[in-house]
Amino acid sequence: MAQFDTPDQLSLPNLEEDVLDWWQDHNIFERSIEERDGQPTYTFYEGPPTANGKPGIHHVLARAIKDLFCRYKTMQGYQVARKAGWDTHGLPVEIEVEEELELESRAQVEDFGIEKYNDACRESVLEYKDLWDTLTQRMGYWVDLDDPYVTFETDYIESVWWLLKQIEEEDLLYKGHKIQWYSPGSHTVLSSHEVSLGYEETQDPSVYIRFPVAGEANTYFLAWTTTPWTLISNTALAVGPDLTYVKIHHEDPHRGPETLILAEELLDDVVDEEYAVEETFEGSELIGAEYEPLYDYFTDRAEPGEDAWYVLGADIVSTDEGTGVVHMAPAFGEEDYAVGQERDLPLFNPIDKDGEFTDEASLVAGTWFKDADKIITDDLKERGRLYKHETYLHNYPHDWRKGTPLMSYPVESWFVETTKLKDRMVELNDTINWQPEAIGEGRFGEWLENNVDWALSRRRYWGTPLPVWESDKEGSDHYEVVGSVDELREKAGDQLPDDDEEIDLHRPFVDELTWEGPDGGTMRRVPDLIDVWFDSGAMPYAQWHYPFENKDAFEANFPANFIAEGVDQTRGWFYSLHAIATVVFDEVAYENVVVNGLVLDEDGNKMSKSKGNTVEPFQVIDDYGADVARWFMMSNAPPWESIRFSERGLRDLRRTFFGTLENVYRFFATYANIDGFRFQNDRMPVEERPELDRWIISRLHTTTQAVEAALEDYDPTTAARAVEDFVEELSNWHLRRSRSRFWASKKSEQNGPAGQGGTVAAAQKEAAYQTTYECLEATAKLMSPIAPFFGEWLYRTLSEVTAGEADSVHLAAFPEAKEDERDEALERRMGLARSIASTTLSLRNQAEINVRQPLPRLLVVTGTGVPEAEVEQVKDVILDEVNVKAIEYVEHSSEVVSRSAKPDFSRLGPRLGDLVKDVNQTVRQLDDETIDAYVETGELTLTVDGETVELGPDDLIIQSEGIEGWLVEQEGEVTVALDTDITPELRAEGLAREGVKRIQDLRKEANFEVTDRIVVAYDGSSQMADALAAHADWIRNETLALELQPSDEPTGEAVETFEVGDERLAIGVRRVEADEAMNA
RNA sequence: GGGGCUGUAGCUCAGGUUGGUUAGAGCGCACGCCUGAUAAGCGUGAGGUCGGUGGUUCAAUUCCACCCAGCCCCA
């Protein structure tokens, strides 16, 4: 006969390995997709990782989220295809390769050869692919690793090119300038990532400069800057149109009287001497004013006062620091450049690629730009233009390799004009369900609101080449965007290999393709690569090689129902997916997105290799199992908050949740095997089952409903916690309270009812098995999206014996919350029962009477929250739990109940105002009689502070506190009193229970099987002996004893003499062989 | 420097949208109970100026302002 497996303490890592093998052998993952053919699809997009680094524990977090929703939706009947992907381009790859090859500059890379360099990148990028695949499989992340999309493959690049072509056709692709951080030290533009590596605290000059107002003698605009080297290129001054400015007269210690113009608010910060305000006006009045250029190097290029060297109004001007008059050099600052573009200011750039001034600026010609600070400052001082010179400590970016300062510099770049579609992107974003909501509205929403055009160009080597060819004809601005390999073939003809398979769309091959332009020039590719984020944002289309292939697959899987990545992707993947989908398809790319936070170490610090506090994912899985890690990361805190990863947390979880569930199963299996339960009978109607069973079934459906609601809301934490609570209730209340039903032996069933915990009817027992089985099976399903291994093990271990519905839990249907098996009133009153029981146990504790000693009765104070009728229905459970014979009730308003009163502040506060404090004082001191009267009439008149206060019904809250002459305990609304009067009969019963406990101890000591029959001999002091004799039948039944005989000298396989209080008891137990038992 | 998130018991977290005078849970700890789940189970207890300061209010952990700390993103 099939038996439930009863393993020793489970090793979860081993169990998981077994499950993995079984999945593999039976193609469960494949089947979970194939068997859903024809069902509605649920689309998930895998954000591609870069496999040139090792996976960390945070990847387990992200992947646990992805996996769980895919598994959940599969169980709901959807078909969920999951294509893996690899992000293979970009700077991290190049940096790694440069380190390996010891290349330090662009020049060195180019000398080395782009082709060889890119070959090295191509190899490096999948260096750890196997490690990633291993982790993916071992942690139970189901994704199709055999057919991933790879961003460097020709098909993928072709789809990306197609997208760019669409953008061009919508007239949204253009060439412009982007201010980028340029490192003159290494002659290269740095990416934002590299820039952020190089911020250093730097001491820079802080200078205040006089700009002479044209046509007004001895009058100056006072401007401030921390980069004097940019003053050569000064093009304009900016003021805040709404700010208040003043014209002051003062006496300069060195130069004598003069007039200065600056923002009023900053006056006292800037001007140290005494001054007199001559005029006050708004910034807008200054707009258009002309001033004399500081240097005349560029005066031949622009007309002062018209093209340049005038005052303009700009919102960027603030009064946080400086003077409220901002020196503008559009060549050297992002904000300056933006304003310059708007106003059509000229660009004065006298610095060459090496960071040195050109001959254009004779004063500093040949000088390194930073070294020019001092020369220029000295020059201006000499010429009387320097008002004040201080130093300023701030963060300034440096070249992360060389340590030399960066300068921001306008670089030619190709853009997607996303600003044109900003409103549409915002609108579409509003339809996306963000978890947590705050990121969609906040970080992402604001980012969209402040959208700037997407600068695609990257001056790098390893990436998708920008498919733009420009005519090299002087003065021509003709360009062509190539949107497919065919188109390229059409244009470049036989420069391409005949075989499509041999085409590589990377540099340097594409750089060599040229053709004749319509204007007679030669079409040459621009040297740029595109931003790698465009690569990954193109995956909904490029993973299918859309539109060249797989149109159906694409259409069935766009947009995604669900994606999940880390919060760092806000401006990365989340944006690139959204922008491309909006621009090209006027759609969202994803409907639901779960954002996960960081994984911090135990102390809340960021994990980093240098700190040595990283957690090795394989180690965690080997030690605790993937399920424990997954469950921990889902249940401990919402995954979008930073999670503290602690081994202790894992250990606790293994012991509490998984350990408890394991124990419930083992208990169930032990007795089910003894009784041969295999769920062969029909399912018992729930309404025919005992109260306790109906309760846990109701809790199961409530839990199922809660789990489903939480998962539908993409909130795995609430779901996990609901399952945890259910398992706690299943174990610590349902199963514990059901134990007697399980161990009632078959034989004794025929003996009819005996004492407490004795025999029960067969139907009751069947109900216990069915109920526990159903709960375990449902738990296996409910937990399996998060803990796929344990869920599978539990499900299969159960269903192997009972021939369950599906081969695997992951092929089964997610449980359904059955409304008709829920009973809220029952759940409420069982809560009441637990509360009364725990309060009573607390009383026993105080009275120092152990639970084995039966007590005559307990008294429950009834009231609104504690209705007698409800308690009465759960009376048996309570009495059995606390070992008390009877329950009685006393009305909350009864005279024997003493009470206290407190004001209902929410009612009285608004009415009485300040007086409420004094009323509180008075009310809390009211005696029982006054409270009784109030309870009776609902009225009370107080005199407080000389004022008369009338109180009506509900103005006071009355609480029961005690019952005269009883031991009383209170817990919330529940008040319980315990009668501790032990009659001789109760005493005898208590002793009999003591006897049973000792016999059971001996059974155990002697290693008898749970089902073994025994013979007991005993010798006890008089009261003890009388008690055992009086309860002999019951004792025999409880201990499976065929005989229970007094003996002067008890013998057997286990013999011991016990002291029980004042009593003495010697016992011997002997096992009865099976045939002997049959005859008995 | 700008923006954001977080701050509640030793630890991990609820709660707080609607302010109400006794702020909860689990783990850990201590004590006890139970003993046919036993390297399990149950109960009780200790433990908190709800990050700080100020404001609004009869009343603030909750609302407002400022500050501090940790982290993230951006510059």
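We name chains A, B, ... by the order of the sequence lines, and we start the count at 1 in each one.
Within 4.0 Å (heavy atoms only), A:D904 reaches no atom of the nucleic acid at all. No engagement by A:L653 is indicated, since no non-hydrogen atom pair under 4.0 Å with the nucleic acid exists. Across all strands, A:T717 comes closer than 4.0 Å to no nucleic acid atom at all (heavy-atom distances). In this structure, A:E446 reaches the sugar-phosphate backbone alone: every heavy-atom distance under 4.0 Å involves primed, P, OP1 or OP2 atoms, never a base. Within the 4.0 angstrom heavy-atom criterion, no nucleotide atom of any strand lies near A:T570.
With both ends at atom C1', the span from B:rG20 to B:rA59 equals 7 Å, rounded to whole Å. Look at the C1' atom in both B:rU61 and B:rG15: the space between them is 10 Å, to the nearest Å. Between B:rA60 and B:rG51, the two C1' atoms lie 16 Å apart (nearest whole Å). For the P atom pair drawn from B:rC68 and B:rU53, the interatomic distance equals 15 Å after rounding to whole Å. Spacing of C1' atoms, B:rC29 relative to B:rU35, comes out at 24 Å, to the nearest Å. Rounded to whole Å, the separation between the C1' atoms of B:rG24 and B:rA9 comes to 10 Å. The separation of B:rG7 from B:rU62, taken at their C1' atoms, amounts to 15 Å, rounded to a whole angstrom. Remark: the separation of the P atoms in B:rA25 and B:rG45 is 10 Å, to the nearest Å.
Closest contact between the side chain of A:N636 and the listed nucleotides B:rC13, B:rC27, B:rU44 involves B:rC13. Comparing B:rU35, B:rC74, B:rG32 by their closest approach to the side chain of A:R571 singles out B:rC74. Distance from the side chain of A:P638 is smallest to B:rA14 among B:rA14, B:rC27, B:rC72. Considering only side-chain atoms of A:R721, the nucleotide from B:rC13, B:rA37, B:rG43 that sits closest is B:rC13. In this structure, of B:rA14, B:rA40, B:rG20, it is B:rA40 that holds the atom nearest to the side chain of A:N663. Closest to the side chain of A:T660, from the set B:rG20, B:rA75, B:rG41, is B:rG41. Of the candidate nucleotides B:rC34, B:rA14, B:rA37, B:rA37 has the atom lying nearest to any side-chain atom of A:R739. With distances taken from any side-chain atom of A:R648 to the nucleotides B:rG10, B:rU35, B:rG41, the minimum falls on B:rG10. Across B:rG32, B:rG28, B:rG41, the shortest atom-to-atom separation from the side chain of A:N845 is found for B:rG32. Taking only side-chain atoms of A:L841, from C-beta outward, the nucleotide of B:rA14, B:rG43, B:rC33 with the closest atom is B:rG43.
Atom CZ in A:R844 sits roughly 14 Å away from atom P in B:rU44 (whole-Å rounding). Regarding A:Q846, its CD atom lies at a distance of 19 Å from the P atom of B:rC31, rounded to whole Å. Atom P of nucleotide B:rG41 and atom CZ of A:R737 are separated by 17 Å, given to the nearest angstrom. Separating the CG atom of A:L10 from the C1' atom of B:rA39 is a distance of 14 Å, rounded to the nearest angstrom. Remark: P of B:rC27 and CG of A:L650 are 17 Å apart, rounded to the nearest angstrom. Protein atom CD of A:Q853 is 15 Å distant from nucleotide atom C1' of B:rC34, rounded to whole Å. Distance, A:W447 CH2 to B:rC73 P: 14 Å, rounded to whole Å. B:rC13 atom C1' lies 14 Å from atom CH2 of A:W640, rounded to whole Å.
Side-chain contact annotation: A:Y665 with A:D5, donor-acceptor N/O pair under 3.5 Å absent.
For the pair A:R852 and B:rC34, the criterion of a side-chain N or O lying under 4.0 Å from OP1 or OP2 is met. Phosphate contact (OP1/OP2 of B:rU44, side-chain N/O of A:S838, threshold under 4.0 Å): present. Taking 4.0 angstrom as the limit, A:N850 places none of its side-chain polar atoms (N or O) nearer than this to OP1 or OP2 of B:rC33.
Geometrically, A:R998 engages A:F1058 in a cation-pi contact defined by less than 6.0 Å to the ring centre and at most 45° from the axis.
Below 30°, between 30° and 60°, or above 60°: for A:F742 and A:Y769 the angle between ring planes is above 60°, a perpendicular geometry. Taking the six-membered ring where the residue is Trp, A:Y409 and A:F332 present tilted rings, their angle falling between 30° and 60°.
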query = Can you give the dot-bracket line for RNA chain B, using ( ) for pairs inside the strand, [ ] for pairs that cross earlier ones, | for pairs with another strand and . for unpaired bases, where Watson-Crick and G-U count if both distances are under 3.5 Å?
reply = (((((((..((((......[...)))).(((((.......))))).....(((((..]....)))))))))))).
request  = Decide yes or no on side-chain contact (heavy atoms from CB on, under 4.5 Å) for A:E994 and A:L1065, but give the supporting numbers first.
outcome  = CA-CA 10 Å; A:E994 295 289 353; A:L1065 178 63; over 6 Å; no
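Within a 6.0 Å radius of CD in A:E390, more than 12 heavy atoms belonging to other residues, nucleotides or ligands are found.
Scored by the side-chain contact (heavy atoms from CB on, under 4.5 Å) test, A:A709 finds no partners at all (sequence neighbours excluded).
Between A:F574 and A:W447, a ring centre-to-centre spacing not shorter than 6.0 Å is recorded. The aromatic ring centres of A:Y575 and A:W533 sit 6.0 Å or more apart.
Under 4.0 Å is where a charged nitrogen must lie from a carboxylate oxygen, and between A:R736 and A:E729 no such pair does.
Heavy-atom nearest nucleotides on RNA chain B were determined for A:E881 and for A:T656, and the one closer to the 5' end corresponds to A:T656.
Judged by distance alone, with hydrogens and angles left aside, A:T670 brings no side-chain donor or acceptor close enough to the base of B:rA37 to form a pair under 3.5 Å.
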